[in-house]
Amino acid sequence: MIDCWRVLSALREYYSYNEPDSELIPICEASARELSARVKPNADCSDIRLINAAAAIANYRLCIKRLHTDEGITSFKAGDVTVSISPSALAENAEKEKSQAIIAALGLLRDDEFLFRQVSI
């Protein structure tokens, strides 16, 4: 299984979360379990691509959680300069990062997808 402490470390490093471990560990554990279920049997669960993908999944979940609880900071002002971003843009960016991280780890994941199409002659 993917180590949730390494996922937490990557989450803090890449996404700058400052919340206490007690708030982030459950989300990191859930993300690690979700991704571990898709890992190929012979894959190394300590591979950085898997750690980063689990951290990206955790980041996405945290962004969605903040979107629904209005906890996310979406603007700040420094002197005469105001910077703002919409909550939906934050969620879109997190989803893109999650997708890119999973794509980077695809070689380590089982292909559980199935596509069935009719062939016309």
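Listed for the Ser9 side chain is no donor-acceptor partner under 3.5 Å among the backbone atoms of Trp5. A donor-acceptor pair is defined here as one N or O able to donate and one able to accept, closer than 3.5 Å; such a pair exists between the side chain of Lys40 and the backbone of Gly107. Ser36 places no side-chain N or O within 3.5 Å of a backbone atom of Met1 that could act as its donor or acceptor partner. Judged purely by atom type and a 3.5 angstrom limit, Arg6 has no side-chain atom pairing as donor or acceptor with the backbone of Asn52.
Taking CG from Asp47 and CD1 from Ile2, the interatomic distance works out to 9.5 Å, rounded to the nearest 0.5 Å. Note that the CD1 atom of Ile57 and the CZ atom of Arg33 stand 12.5 Å from one another [nearest 0.5 Å]. Atom NZ in Lys65 sits 15.0 Å away from atom OH in Tyr60 (nearest 0.5 Å). The line from CD of Glu19 to CD1 of Ile25 is 12.5 Å long, rounded to the nearest 0.5 Å.
Within the 4.5 Å cutoff, the side chain of Leu24 has heavy atoms near those of the Leu62 side chain.
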Q.
Run the side-chain contact (heavy atoms from CB on, under 4.5 Å) test on Arg12 and Asp21 for me, step by step, so that the C-alpha distance in whole Å, both residues' side-chain angles and the decisive distance to 0.1 Å come before the verdict.
A. CA-CA 10 Å; Arg12 288 191 187 283; Asp21 289 352; 2.6 Å; yes
Q | Check against side-chain contact (heavy atoms from CB on, under 4.5 Å), Asp3 and Cys45 | A | CA-CA 8 Å; Asp3 183 7; Cys45 285; over 6 Å; no
(Q) As a quick check of understanding, evaluate side-chain contact (heavy atoms from CB on, under 4.5 Å) for Tyr17 and Asn59, giving each step before the final call. (A) CA-CA 9 Å; Tyr17 284 99; Asn59 176 56; 2.7 Å; yes
(Q) Please evaluate residues Ile102 and Leu109 with respect to the criterion side-chain contact (heavy atoms from CB on, under 4.5 Å), reporting the C-alpha separation (whole Å), side-chain torsions for both, the decisive distance (0.1 Å), and the verdict. (A) CA-CA 9 Å; Ile102 291 173; Leu109 302 175; 4.2 Å; yes
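Nearest heavy atoms, Cys4 versus Cys28: O-CB, 3.9 Å. Contact record, Ala54 with Leu35: N-CD2, 3.6 Å, taken as the closest heavy-atom pair. For the pair Ser46 and Ile51, the tightest heavy-atom approach, listed with the atom from each and the gap, is O-CG1, 4.2 Å. The shortest non-hydrogen separation linking Lys98 to Ala56 is CA-CB, 3.7 Å.
Residues Glu97 and Tyr15 have side chains that bring a donor and an acceptor to within less than 3.5 angstrom of each other.
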